[in-house]
Amino acid sequence: MLTIHPKITEVLTHTFKVPAAEIRPDSTMDSLEMDSLAVAEFAVLIRETVGGGDFDRLPKDATLADITRIIDATVDGGAQAGGEAPMSNAR
């Protein structure tokens with residue numbers, strides 16, 4: 001399985017200047033104060049990192065753990081084999 005979480009952390013800290021202490025599995029884009037433009041840019045950077053995938057519609061209320069599962073499932077082909085990754089409604 002692809003380990004994308006370290007890359008997510010790197011992008012958030014270096015590109016978006018999110019303090020590393022705020023990057024937790026239960027953090028959402030909203031809680032990290034990422035507006036819709038920042039979320040779209042984040043999706044592009046992640047797509048470039050993993051070499052493909054459709055991450056343009058990452059839900060703002062998804063946790064980083066949810067986003068990691070979505071990316072891993074898409075890159076590993078899990079979305080085709082097992083459906084979409086479950087989403088959390090937690091904020």
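Positions are given from 1 along the sequence. Both backbone and side-chain heavy atoms feed into the values below; hydrogens, waters and symmetry mates do not.
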One thing to verify: whether D72 and R69 come together as a salt bridge, which I'm taking to mean a side-chain N less than 4.0 angstrom from a carboxylate O.
no
Checking side chain to side chain contact (heavy atoms under 4.5 Å, CB included) for the pair T15/F42: CA distance, chi angles, key distance, verdict?
CA-CA 9 Å; T15 303; F42 171 80; over 6 Å; no
I need the T9 OG1 to R24 CZ distance, nearest 0.5 Å.
12.0 Å
Output the distance between atom CG (L64) and atom CG (D26), rounded to the nearest 0.5 Å.
8.5 Å
Indicate the atoms forming the closest heavy-atom contact of P25 with T63, along with that distance.
O-CB, 3.3 Å
Output the distance between atom OG (S31) and atom CD (E22), rounded to the nearest 0.5 Å.
8.0 Å
Interatomic distance, I46 atom CD1 to I67 atom CD1 [nearest 0.5 angstrom]:
9.0 Å
Hey, does E41 have a side-chain heavy atom less than 4.5 Å from the side chain of L45?
yes
Do you know which two heavy atoms are closest between V18 and T13, and how far apart they sit?
O-CG2, 3.3 Å
L12 versus K17: any side-chain heavy-atom pair under 4.5 Å?
no
Residues which pass side-chain hydrogen bond (donor to acceptor under 3.5 Å, both in side chains) with E10, listed by chain and number, not counting sequence neighbours
K7
What residues form a side-chain contact (heavy atoms from CB on, under 4.5 Å) with E33, not counting sequence neighbours?
none
